[in-house]
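To keep things clear, I will list the structure first and then write my remarks on it.
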Amino acid sequence: RSRSVLLCMELGSAARGRSAARSLVRVVEQRRGPGRPAYDSKQKLVAATCKLLSERGFEATSPVMIQQRSGVGQGSMYHHFPGKGKEGLALEAVSRLRASTIAFLDGSPAPEGAEVEEVRASIVTALDRLFARKEGQALVRLLADAVAGALPSLATATQDWCDDIRAVIVVRLRADEPDADLDIAD
């Protein structure tokens, strides 16, 4: 039964005595439960979007797919991403994937005191491992997706993600020159 029906039934009983009023409180508490953190539905939506972007890309992912994968209702999507819908979710997902990518690449350091070829080999290995992960797969799909490229905000976010990867690579290659200009590539 709906919450309002239960409340109406209990209110009718409440007129009969204090014990009914106590049972009203119990029914409402049982129905509501302990609750969940406020960020839970937003996090589920973003996690589902990350997975779908890596599996299907932006254009092939629909808001309904995101809702089904996350187990969150339609209202939550538009509550957390008002007026933005799928694009807003994709931007949030790209931000999360981008941070994960940088953390992953930073966690794969080049061997210290290594020759340039060893450093390059370690970079290639790290990138191979990255593109086998969902982050790398999502990036490739976004780069190949014409619709994602046509949306300025998503195209910019994807380009910034690529620039971050490039910056990590340049820093590794220039590890022996800490004051070198990172904008100048070999």
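Position 1 is the first residue of the sequence, and the numbers go up from there. Note that the structure is predicted; figures quoted are calculated from it, not measured.
- The side chain to side chain donor-acceptor pair (under 3.5 Å) search around S153 returns E87, not counting sequence neighbours.
- Pairs passing the salt bridge (Lys or Arg N to Asp or Glu O under 4.0 Å) check and including a residue from residues 130-142, sequence neighbours excluded, read R133-E135.
- With hydrogens and angles disregarded, no donor-acceptor distance shorter than 3.5 Å links the side chain of S95 to the backbone of L91.
- Note that the CD atom of Q159 and the CZ atom of R166 stand 10.0 Å from one another [nearest 0.5 Å].
- Summarising the geometry, atom NE2 belonging to H79 is positioned 10.5 Å from atom CG belonging to L45; distances are rounded to the nearest 0.5 Å.
- Put simply, CD1 on I165 and CG on L139 are 5.0 Å apart, with the number rounded to the nearest 0.5 Å.
- Pairs passing the salt bridge (Lys or Arg N to Asp or Glu O under 4.0 Å) check and including a residue from residues 142-163, sequence neighbours excluded, do not occur.
- The main-chain N or O of L154 is found under 3.5 Å from a side-chain atom of T158 such that the two form a donor-acceptor pair.
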Go through it in stages, so that I can follow the logic: the residues are V94 and C50, the test is side-chain contact (heavy atoms from CB on, under 4.5 Å), and I'd like the CA-CA distance, side-chain angles, deciding distance and then a yes or no. CA-CA 7 Å; V94 165; C50 289; over 6 Å; no
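- Contacts of E55 classified as salt bridge (Lys or Arg N to Asp or Glu O under 4.0 Å), with partners at least two apart in sequence or in another chain: R69.
- Once rounded to the nearest 0.5 Å, the distance linking OG1 of T125 with CZ of R120 reads 14.0 Å.
- Proximity of S54 to V140: side-chain heavy atoms (C-beta onward) are nowhere separated by under 4.5 Å.
- Checked against side chain to side chain donor-acceptor pair (under 3.5 Å), R129 has no partners two or more places apart in sequence or in another chain.
- For the atom pair L130 CG and I123 CD1, the distance stands at 13.0 Å (nearest 0.5 Å).
- Note: the hydrophobic cluster containing V124 does not contain L105 (ILVMFWY, side chain heavy atoms under 4.5 Å, direct or indirect links).
- Without hydrogens or angle criteria, K86 side chain to I66 main chain gives no donor-acceptor distance under 3.5 Å.
- By the side chain to side chain contact (heavy atoms under 4.5 Å, CB included) test, V64 pairs with S62, Q68, sequence neighbours left out.
- Between L127 and I169, the closest side-chain pair of non-hydrogen atoms falls below 4.5 Å.
- Side chain of S76 to main chain of V72: no donor-acceptor pair is present (N/O by atom type, distance under 3.5 Å, no hydrogens or angles).
- Residues passing the side chain to side chain contact (heavy atoms under 4.5 Å, CB included) test with E92 are K42, V46, F81, sequence neighbours excluded.
- Residues satisfying the side chain to side chain donor-acceptor pair (under 3.5 Å) criterion with T101, sequence neighbours excluded, are W161.
- The two residues F104 and A126 make their nearest non-hydrogen contact at CE2-O, 3.6 Å.
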